Amino acid sequence: FRRVLFRSRAARAGAVRRGLKRPRSVAPALPTPRKVAWKRCARINCTHLLPMPELRSETDPDVPADAADAAPAVRKRPKPGERRMQILQALAAMLEQPGAERITTAALAARLSVSEAALYRHFASKAQMFEGLIDFIEHSIFTLVNQISEQGSAADGAQRAARIAAMVLQFGERNPGMVRVMIGDALVFENERLQQRMNQFFDKIEASLRQCLRPAAEAAGSATPTVDAQVRAAAVCDLLRGRLQRYARSGFRRSPGEH
């Protein structure tokens, strides 16, 4: 049987060589779906390996010098805290305009050439912007009040009280926008706590005046030095408010320190 099978295979091979019989057609092996998917993924995933186009530098020789000079200057980013100070300065400058209406965040942003969202990156609300101005007022005035109170003796308490009053009026004259905050004119439609803070501000001023005037009343031989100091301190504080009010109502023309 093996000999017959060998002869049949040999005969078939000889027939194929002589062209008497066609060989069996073998279909080409197709790649499996897994291989096709792998090659497709390979082509897609390798695209990130292509070189990125080169960016022109500022000293690129292909760019003409005139075009480089005509390019707009890069806007510098303000330092930390600088933008916050710019917002407060712009708000104070807008308050200095005589007869100015209620200031909106849109108008303030337009004055600074920024968006309203840029304002709220530094202040949660407009009330916080006014609180920033109030903080500046309190820090500036009470620093000088403490310096005046520490100077001199108990006998010259009246002179120290006069110096405190003159200092407050001078501060208002040099900062007209702050005057509208001090008298509450700019806080009419704002949060109530802002007006309360300014009321507390004048209460502290009155307390400082009373502290200076009480030793002076005792040195003068007053029978009721506490009452006398309280009455005089309240009168001086009312005078300060009235002078600042007149200064704002006159369009910042009449000086609060004039007699």
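All of these numbers come straight from a predicted model, not from anything done at the bench. Along the sequence shown, the residues carry numbers beginning at 1.
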Quiz prompt | Which residues share a salt bridge (Lys or Arg N to Asp or Glu O under 4.0 Å) with Glu218, sequence neighbours left out | solution = Arg214
Self-check item: Beyond-backbone contact of Gln147 with Leu144, side-chain heavy atoms, under 4.5 angstrom
Solution: yes
Quiz prompt | Hydrophobic cluster identity match, Leu213 and Ile205, side-chain contacts under 4.5 Å | solution = no
Quiz item: Do Leu133 and Met129 come close enough that some side-chain heavy atom pair is under 4.5 Å?
Solution: no
Quiz item: Considering residues at least two apart in sequence or located in another chain, which fulfil the side chain to side chain donor-acceptor pair (under 3.5 Å) criterion with Arg121?
Solution: none
Self-check item: side-chain contact (heavy atoms from CB on, under 4.5 Å) evaluation trace for Val236 with Ile164
Solution: CA-CA 10 Å; Val236 173; Ile164 291 175; over 6 Å; no
Exercise. Would you indicate whether Gln159, at its atom CD, is surrounded by more than 12 heavy atoms from other residues, nucleotides or ligands within a distance under 6.0 Å?
Key: no
Self-check item: Test salt bridge (Lys or Arg N to Asp or Glu O under 4.0 Å) applied to Arg84 - qualifying residues, sequence neighbours left out
Solution: none
Self-check item: Listed partners of Asp135 passing salt bridge (Lys or Arg N to Asp or Glu O under 4.0 Å), at least two apart
Solution: Arg197
Self-check item: Heavy atoms from other residues, nucleotides or ligands near CZ of Arg232 exceed 12 (cutoff 6.0 Å)
Solution: no
Quiz prompt | Sequence-distant partners of Glu131, salt bridge (Lys or Arg N to Asp or Glu O under 4.0 Å), two or more places apart | solution = Arg193
Quiz item: Using a side-chain heavy atom cutoff under 4.5 Å and only I, L, V, M, F, W and Y, what cluster partners does Phe189 have?
Solution: Val188
Quiz item: Other than Val231, which residues form its hydrophobic cluster under the rule that side-chain heavy atoms must be closer than 4.5 Å?
Solution: Val227
Self-check item: Nearest atoms (heavy-atom pairs only) where Gln245 meets Ile183
Solution: OE1-CB, 3.5 Å
Exercise. Report the residues that fulfil ring pair (Phe, Tyr, Trp, His ring centres under 6.0 Å) with Phe201, sequence neighbours left out, ordered by chain and then residue number.
Key: Phe142
Quiz prompt | With sequence neighbours excluded, residues passing side chain to side chain donor-acceptor pair (under 3.5 Å) with Gln151 | solution = Arg163
Quiz item: Residues two or more places apart in sequence or in another chain: which of them pass ring pair (Phe, Tyr, Trp, His ring centres under 6.0 Å) with Tyr247?
Solution: Phe252
Quiz item: For the atom pair NZ (Lys126) and CG (Leu119), what is the distance rounded to the nearest 0.5 Å?
Solution: 11.0 Å
Quiz prompt | Residues, nucleotides or ligands: over 12 heavy atoms within 6.0 Å of Glu138 CD | solution = yes
Quiz item: What's the spacing between Leu91 CG and Glu96 CD if we round to 0.5 Å?
Solution: 10.5 Å
Practice problem: Find out whether Leu88 and Phe136 are in side-chain contact, i.e. whether some heavy atom of one side chain is under 4.5 Å from a heavy atom of the other. | Solution: no
Check: residues 166-176 side-chain donor-acceptor pairs under 3.5 Å, at least two apart:
residue : atom : partner : partner atom : Å
Glu173  : OE1  : Ser255  : OG           : 3.3
Glu173  : OE2  : Ser255  : OG           : 3.1
Asn175  : ND2  : Phe171  : O            : 2.9

Quiz prompt | Set of residues satisfying side chain to side chain donor-acceptor pair (under 3.5 Å) with respect to Glu116, sequence neighbours excluded | solution = Thr105
